[in-house]
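Comments concern the structure below.
These values consider heavy atoms only, across backbone and side chains, with no hydrogens, waters or symmetry-generated copies. Sequential numbering from 1 along the given sequence is applied to the chain's residues. This one's a predicted model, so the numbers in the text were calculated from it and none came from an experiment.
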Amino acid sequence: MFTATPASAQVPPGVFSRPLHFVYARTAGKAFSGNSDPALNHTDAQLLTALDQVPGGVTALVPFFLNVTNVAQYDTFIRSITETRGIIIVPGVGGDPDTGERIDSAGYKAMAANAKPYTDYLRLENMQGYLDRGTGGRAAIQSMINYAVGLGYKHIMLNPWPVDINNQPIPFTNPELDSTIYQVRLTKVNTPQGYCPDHTKDATNWGLPNNTTITNMMAYRRVKVLINYESAPQHEALSCLERESALSSRAAMNITATAIENYTAFDLHWAPPFTTAYDPLKWGTWTWEANRLGDF
């Protein structure tokens, strides 16, 4: 068992008080523009109006960018988030480890470098996949962490913090590694419309992840932990609930939010979704979601 060590570059208090899983742009461009479903298309003004509805204000947008190279093209909107509203953005870098492209490839390094002028925060994606199957494995992950630190990133989130075969966290030691992210529990079924919850498992669906995973992580290093609904399958499953019964995704998300409120052992933070896979504006659930996030 590891001896618990603090992350010396601790995330400042309040940064992850009210985080939102929000993807503004990805490799192909703006996420909320040009979709075949017009209900998923929103102007920048509409997005800002929605974000402003959270009581106390959104504190962080994670990942905000997902594998975006030309970050500067969104300069005006970024500044309306970071400077006007004081919201932290946490760009995400990393793709499919099965393609053979290393996490420390020149392309991913360029994405991280181009985002740096706007933030001190970075999220490295698909860490477990890169560890288990990615070219370069642990060495490539360490190389990318070192590169990000060299760029001046002060706070790096691993999505998730990868573990070994014994479910123990890989002992990366950079002090800038001060947060991670875990997904809610979900037993799913695949349908022609996408993932849906397996309702025979509703007693555990939408609850917190395996407590051993969190406990082992905290035994190694006390970091901030975001609990979210990863874009697939959890976001799709929330949308499936809405197709089954209008506004029913609110009860599912409330299971998670309430579990986090009642969990006092470690520092967990609820990061509800606002993406094209689950768009609360489309489903009419944003007012509830914004107010519930404001409870934190």
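The hydrophobic cluster containing V23 does not contain Y118, counting ILVMFWY residues as joined when their side-chain heavy atoms lie under 4.5 angstrom apart, directly or transitively. A continuous path of hydrophobic side-chain contacts links V223 to I227 [ILVMFWY only; heavy atoms under 4.5 Å]. By the criterion of side-chain heavy atoms lying less than 4.5 angstrom apart, applied directly or through intervening Ile, Leu, Val, Met, Phe, Trp or Tyr residues, M127 is grouped together with M218 in one hydrophobic cluster. Hydrophobic clustering, with ILVMFWY side chains joined whenever heavy atoms are under 4.5 angstrom apart, groups W288 together with W286.
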**Study point:** Full working for side chain to side chain donor-acceptor pair (under 3.5 Å) between N205 and D198
**Key:** CA-CA 8 Å; N205 283 341; D198 179 349; over 6 Å; no
Practice item. Test Y278 against E242 for side-chain contact (heavy atoms from CB on, under 4.5 Å), laying out the working first. Key: CA-CA 10 Å; Y278 177 82; E242 289 299 320; 4.3 Å; yes
Exercise for review: Dump the intermediate steps for side-chain contact (heavy atoms from CB on, under 4.5 Å) on F77 and L48, then the final yes or no.
Suggested key: CA-CA 9 Å; F77 187 75; L48 292 173; 3.7 Å; yes
Exercise for review: Assess whether side-chain contact (heavy atoms from CB on, under 4.5 Å) is satisfied between V184 and L208, documenting all intermediate values.
Suggested key: CA-CA 5 Å; V184 299; L208 297 181; over 6 Å; no
Practice item. Could you walk me through whether I88 and F16 pass side-chain contact (heavy atoms from CB on, under 4.5 Å), step by step? Key: CA-CA 9 Å; I88 297 296; F16 291 139; 5.7 Å; no
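Residue T119 comes nearest to P91 through the heavy atom pair CG2-CD, 3.7 Å, listed as atom of the first residue, atom of the second, then distance. Of all non-hydrogen atoms in I214 and P209, the two that sit nearest each other are CD1-CG, 4.0 Å. V54 and G294 get closest at one heavy-atom pair: CG1-N, 4.1 Å. Closest approach of L40 to T276, counting heavy atoms only: CD2-O, 3.7 Å. In this structure, S249 and T285 approach most closely via the heavy-atom pair OG-CG2, 3.8 Å.
Side-chain contact, Q142 with D104: no donor N or O sits under 3.5 Å from an acceptor N or O. No side-chain donor-acceptor contact under 3.5 Å links D120 and H155.
Here CG of D164 is found 9.0 Å from CD of Q128. Values are rounded to the nearest 0.5 Å. With rounding to the nearest 0.5 angstrom, the CD1 atom of I170 is 10.0 Å from the CH2 atom of W161. Here the straight-line distance linking atom NZ of K188 with atom NZ of K201 works out to 13.0 Å at 0.5 Å rounding. Expressed to the nearest 0.5 Å, how far CZ of R138 lies from CG of D132 amounts to 13.0 Å. Separation of atoms CE (M111) and CG (N67) is listed at 4.5 Å; rounding is to 0.5 Å. Atom-to-atom distance recorded for R18:CZ and L51:CG is 13.0 Å, nearest 0.5 angstrom.
For residues 164-215, no residue pair satisfies the ring pair (Phe, Tyr, Trp, His ring centres under 6.0 Å) rule, not counting sequence neighbours.
Using bins of under 30°, 30° to 60° and over 60° for the plane-to-plane angle, the ring pair F274/H42 lands in the perpendicular bin. Ring geometry, W270 versus F296: the interplanar angle falls from 30° to 60°, so the pair is classed tilted.
A salt bridge links E261 to R292: at least one charged side-chain nitrogen sits closer than 4.0 Å to a carboxylate oxygen. Ion pair R85/D52 flagged as a salt bridge, since at least one NZ, NE, NH1 or NH2 atom sits closer than 4.0 Å to an Asp/Glu carboxylate oxygen. Using a 4.0 Å cut-off between a side-chain N of Lys or Arg and a carboxylate O of Asp or Glu, D178 and R221 do not qualify as a salt bridge.
Centroid-to-centroid, the aromatic rings of Y147 and Y108 stay 6.0 Å apart or farther. Here the two rings, on Y24 and Y74, have centers that are under 6.0 Å apart.
Y153 carries K116 over the face of its six-membered ring, with the cationic atom under 6.0 Å from the centre and within 45° of the normal.
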